[in-house]
Amino acid sequence: MYSLSFAFLFILISVCNTVPTKSSNGCGYDACNLGDPNKLNVHIVPHTHDDVGWLKTVDQYYYGARNNIQHAGVQYILDSVMHSLEENPDRRFMYVEIAFFWRWWNEQTDEMRNKVKQFVNEGRLEFISGGWCMNDEASTHYNSIIDQFSLGAEFLRDQFGECARPKIGWQIDPFGHSREHASILAQMGFDGLFFGRADYEDITQRSKTKNMELIWKASANLDRQSWLLTGVLPNGYSAPGSFCFDLFCDDQPIMDDPHLHDYNVPERVKAFLDAAHNEANQYSTNHIIMTMGSDFQYESANQWFKNMDKLMKYVNAQQTNGSNVNVFYSTPSCYLYALNKANHSWTSKTDDFFPYAHHPHGFWTGYFTSRAALKGYERRSNNVLQVTRQLNAFAKTNLRNSTFPLSEAMGLVQHHDAVSGTEKQEVAFDYAQRLADGIDSAVDVINRAYSKLLPLDEKIPPKAPQFLCQLTNISECLPIEGKNQFTLTLWNPTVHTISQHIHVPVTKKYSIRDSTGHVISADFIPISEPTKNIPGRKSFATNQLVFKVILPALGFNTYYFELKTGNEDISITQNEECILQNEYLRVEFDDQGNLLKIKNLKKNIVVPFTSQGFYWYSSFPGNNSQSEFQASGAYIFRPISSDPQPVSDKRTITCIKGEIVQKAVIVFNKWTSQEISLYDDSKGVEVEWTVGPIPICDKVGKEIILRYDTDIENQGKFYTDSNGREVLERIRDYRPTWNYTKVEDVSGNYYPVNSRIWIKEPNRQFTVLTDRSEGGSSIHDGSIELMLHRRTLYDDALGVGEPINETAYDQGLVVRGKHFLIIESPSSSALYHRVASQRLYMRPLATYSLPQLSYADYSETYRQTWSALVKDLPLNIHLLTFEQLDTNQYLVRIEHYFELNEDTTYSNSVTFDLQKLFQTHGIINGIVELTLAGNMPVNDMNRLEWTTIDKESSKMDKPSLETISKNHFEFDVNLFNQTDDEQIPNDFNPEQGCLFCINRQEYLGSKKINNRINEHHHSIKEAIVNDDENAPLDLSLKSTTNNSPLITSNNRTNVKHRPLFDIKSDIPPMYGQEEFDRFMSDMIASQLDFSSHPYLNMNLFPTSPTIPVHHTQSYKKKNSSSSSQDTRIAQLAKQMAYERMLQEIDYQRHPSITKKSKTSTNSSSSILTESIHVNHILNDVMMRILHEMYEKQQQQQQIAASIPPPRASRKGELLFVKKQNVNNDEQYNANLFNHFINNNNNTNNNKKQNKHNNKVNPSSSSSSSTSSASLTSSSSIHKKNKHKSKLNQSTNYIPKGRSAEILNNAKVVIGTDGKQIRPKRGQYRRYESEQLAKAVAAVLSNEMSVHKAGSYFGVPHSTLEYKVKERNIKASSSTTKNKNESTSSMSSINNKDNNSISHGENDDEDDDKSSKGLVGFLPESNSSTNNNLNEIDDENISNDGDDDDDNDDDDGGGGDDDDDLEESIN
Ligand SMILES: [Zn+2]
């Protein structure tokens, strides 16, 4: 179980040997020179700043090509530096950009590599930041920031180990600094951050008050976990004064032979001492840093080092003459360490460093929008990357190397001259090309994954590759044009069932079959004129199909398109009043095309628009000779006037109304238009904007905004996100930390908007979500404006040397994107914008295919729906990363993405079962929780401690991540699994898991043991994988209060095991000791052989271990009897349950004590939450205990005799039966189990076995009476939880979930090769497809509940549930829908089917097992809340996203070919 509150959880699943251990070498802080405490210590930090693309491409920079543009060759820099380091062991160098270092490393000999490793191990060469690039902070999304750091960190970890682990952020060049970025660094375990650029007024004040260094409190949610010592460097990042000794510099070298004419040592030394003292005046300790280097310097490193050697020698020599300056080679981390040891108290700051200005007219706010198409393409590429990783992981294709090109390209594009849009045009093309190449490679992975997931068993389908249609945002998908049939497969990368509206551009009419074969309704809508006129659009499609899909969480649906004829009922009017309305929203336009108002019908909130539309600012055309002549350019936004001009006087409106979508197409002029759409069940309004080609025939640069003017009285305040995560309050013409001089009315108020911006007043909030990073502001009260596209005619003289004037097809570039508008109350807005923005950047991935098969054949051959989850995870959980590293090793990042206090329900901590994510993989056998970059176990994280001037200490309990929430539990299912260390793997491939492992021998050696472990567990996992629920027996809930040291077992060198339990003996038993003892003594008396326990079906395999060996002391005795182990387990479990319950209660009551954060939960709702939590958790833990006991009982029954089965139990069903009265189900299961054992060596019985199992399903409906009877038991447990004395009764009831597991396990059979074969999902599905439609119909007609129908027709409940939902939502009549919903929730109660309907129902809980009981127990008020959430969960947010299927983005989208690059939209 993991509990999270607004935090990332990053874990490595399965054991991992690649996590480095600490080296005893003198690297890191140990290798630092801390100077002389009585002197002014000058840390000389030699460095080079190597942009991974800017004026040249990354490869040109690496090789030193095209030096006519800029002299820069990174390979020579690294060559040269290594030689210089060799010459003098005192010398230090640091390196940052792993994109370059990786290129260089790949070309080195072993000899050179060993040399470099030695430098690293001795602290002479230090990696700082260590990301793939030095990323931009304004236009980047947190997902990609984390990824780019992780990629670099992985390289360093693989090649160098702990000595190379970066500890310091080094953002010397980015143009403004985001708070979220600092928070991410802190969560990666960094100790500090240095940068070069901050607002000129800010720096002036800071240097005067000696506050150039401070503690940045980088998160409003994470408290001191996010604190980061942050320093503004003294000279940007250049050398002081006249001390640049680089090849490109003209400063005087140290000429130190007094016999020669130009001897200059006294003059040079004096100048240096002056520079040092001057700098010391601005800093608060007796340590200062001098950055010796700059862009692409050190190509002739000797020139630098030789002069620095001399300079230091002569400067320090002055100490004998009384000088207090002590100068030495150092690194940023050593400087930071010296600051840490200086015993100083620091000021702190909670806002960010945006916007950045270097003079009164130089606001670097243009790049928030520059190259809008590239910004969109980058965001879209991340979407493809994350989906590809998921597909690779869930299909277990193990093709991580093939996703590397896209990971690498994404790493590059995060650079501060890439996605920022401040590179030369040619370089921008190169980035787009790299993304496109990466996507091409990803498509291979997608195809390999789908070739495993799509075909039904034993089918060898004809070749029909999946392909992306990346230009569907301009309604173009050429491969499907004119085809008689094609398929569309949509992968939903979120952990929630979602509904989406899909657009497919077509040249013919098609009917669409959903994944069950039913024809679904679709609107046949004309493609708008502005779309058809986009330059470069090649499509003949004039219409698009718009339809709604409901996609399973972490899974896919396939839609089959076949030709049809007939007419659609679409109403189209022009230049008339237009009203778009659904159940929730009403959007009104007048006959002139003006948006008049949007009304939230349910909440009765109206937002009138005084105006809404496109405006332009004229770019300032300066020559940059002085501040006043600053031009607007790639970096700078500087309008001539503060009043933007409307792009046209009038507009036309076309109103299109279908059944699924209603839209207003509003054309302002030839180059600006918007399509405002309302989907049938949407709670937000989608605005698709199209801008370009921006005309410049008047020789005026133009910067286009889309402005929404309302009557909301926001009083100068507005809110913008930070890298798509936390949100900061902005106040017009104001800076929180210094006195701001207002010079630029508009650009000085622009902020980066990565995902959202809003304005609000007490009862209304207007939120705009974006699909990419844009600059935005609220220049007037009631107004939100977002800059969409820029075309400037002047360079702003900051280096790029070009105006931002993008063209394609010989005209200005056209860009298209989306906004999503939410009108809500402030208190409920977070629920909508949080969920919607996650789904906007993590959209379903659409792939098309052209199978030459009729639908009948297609559905016989292919699986059309699949989900990795049986049930959605809680709504406030987002799966950020799911990546297969190796055969059985996965990297998982999960986040709670609601901020504290922004939503009464979803801001709370959430508990979930990690195993749920691995249902299709098997049972998790080991987890290591890592820092955010994935290169260090959280338990090894030891951040430096700092103190603020208010005497607050940054010290926190270790491990720090666990204090995110007191309710943070370890999940370790190693309980019963033990490695067979003798077994040698036979399919070992060292390249699989390690992207950067070059030294194969070394890697092989270190991986051997690990791989054995994996191999073994692989068999376990394969064996246990099944169609339905397979939650492992997890008795290892362990509270964070047990911070016991990790125990390292002998035979897994680096694999760490936590003590399984650490129970305080003074915790009272949870239920009657007497009862428990009696039960347990029965168990002990039964003398069961633990090794043949059915739960451990691994024991049935030759490769499996037999007796589990436990690692705690209490388990060390090898001969301890299995039943006493059982006893111990049960005792521990009950104690833990009690302890955990107490913690939960404590936390719910006193969140402020356990969490240093504000809590606004009012008392009544917190009590409510408490009861939910306690009941849920108790229920959960009790289940586990009872399961375990039941297992023993099961064994007894089994030993008795086997009786023919009356029926099968359904998987995942929760039944309680009296222990004295075991019903036939269990007996049957026991029988089946025996049957299985008998078949264990008979490999030919596989099919029979499977068939048998399948047939058994339909008959299970006969269990209904048992079910309803057991409901009482279930809810009674919950009700009685509050009264401990009554809990005894619950021990009389045994949950039956385990029987399902036995049944599942029983399906496992051994193949001829000795490997286990598991029944494949496809067989099950095929069976189901015959019955599914009937089951759906039965539920829809209210004849049966989902549960009952599922049982009756023998189809999985999860699938049925989701199908029914799909139908329900489709049903236009809301009354019908409500009816169904109530039926569903009834059925969930009556049948206590844990899979039953309602996704939102247990947003609070994690666990399937408890839903029924919980629902039964919930007070009414709470149930209704949940219902609301349901709607949100399933429908509301739905289209938020863009519905457009696929990758609409852009441009480069193109990318595939050079000409496509300019494809329109970009
Ligand atoms: Zn740079």
Side-chain angles (χ1 to χ4, degrees), residues 45-62 64 66 69-74 77-78 94-101 103 127-140 145 148-149 152 168-178 181 193-198 232-233 235-239 244 246 248 291-299 332 353-354 356 358 362 364 366-368 370-371 374 378 411-428 430-431 633-636 752 795-802 804:
V45 173
H47 79 104
T48 177
H49 173 66
D50 300 343
D51 294 301
V52 298
W54 179 36
L55 310 182
K56 306 198 288 190
T57 69
V58 57
D59 291 348
Q60 289 164 358
Y61 273 130
Y62 176 69
R66 304 191 71 184
I69 296 174
Q70 181 186 11
H71 186 107
V74 175
I77 293 173
L78 289 166
M94 51 168 283
Y95 202 72
V96 178
E97 296 86 3
I98 303 304
F100 281 130
F101 192 85
R103 283 168 163 76
F127 293 100
I128 302 289
S129 245
W132 207 247
C133 68
M134 182 184 296
N135 63 259
D136 176 41
E137 299 185 42
S139 51
T140 42
I145 294 172
Q148 84 88 10
F149 270 106
I168 307 289
W170 189 251
Q171 294 288 111
I172 54 178
D173 198 21
F175 333 123
H177 305 281
S178 87
H181 192 269
L193 162 67
F194 292 102
F195 54 70
R197 300 180 188 275
V232 186
L233 295 169
N235 301 293
Y237 51 90
S238 303
C244 178
D246 197 69
F248 305 124
T291 46
M292 306 304 260
S294 190
D295 295 5
F296 299 99
Q297 294 197 352
Y298 287 79
E299 192 173 314
F353 289 90
F354 284 123
Y356 161 60
H358 65 304
W364 299 45
Y367 82 98
F368 299 162
S370 293
R371 302 198 188 280
L374 181 64
E378 180 272 336
L412 288 175
V413 174
Q414 305 311 309
H415 171 56
H416 59 271
D417 291 308
V419 68
S420 60
T422 54
E423 66 279 48
K424 282 188 183 292
Q425 183 62 56
E426 277 196 40
V427 180
D430 184 65
Y431 288 126
Y635 304 84
I636 304 292
D795 173 43
D796 50 12
L798 293 168
V800 70
E802 289 177 0
I804 188 100

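It should be emphasised that the depicted structure is a prediction, and the values quoted were computed from it without experimental measurement. Numbering of ligands and ligand atoms starts at 1, following listing order. In this chain, numbering begins with 1 at the start of the sequence shown.
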Looking at the Zn ion (ligand 1), is one of the N, O or S atoms of [X] less than 2.8 Å from it?
X      : result
Asp51  : yes
Asp173 : yes
His49  : yes

Item to check | Pair Arg197 + Glu137, salt bridge at N-O below 4.0 Å | outcome: no
Item to check | Separation between NZ of Lys56 and NE2 of His71, rounded to the nearest 0.5 Å | outcome: 7.5 Å
Checklist entry - Where the side chain of Ser129 meets the backbone of Val96, is there a donor-acceptor pair that is under 3.5 Å apart? => result no
Checklist outcome for this item: Note: Pro332 and Ile128 closest approach over all heavy atoms is CD-CD1, 3.9 Å
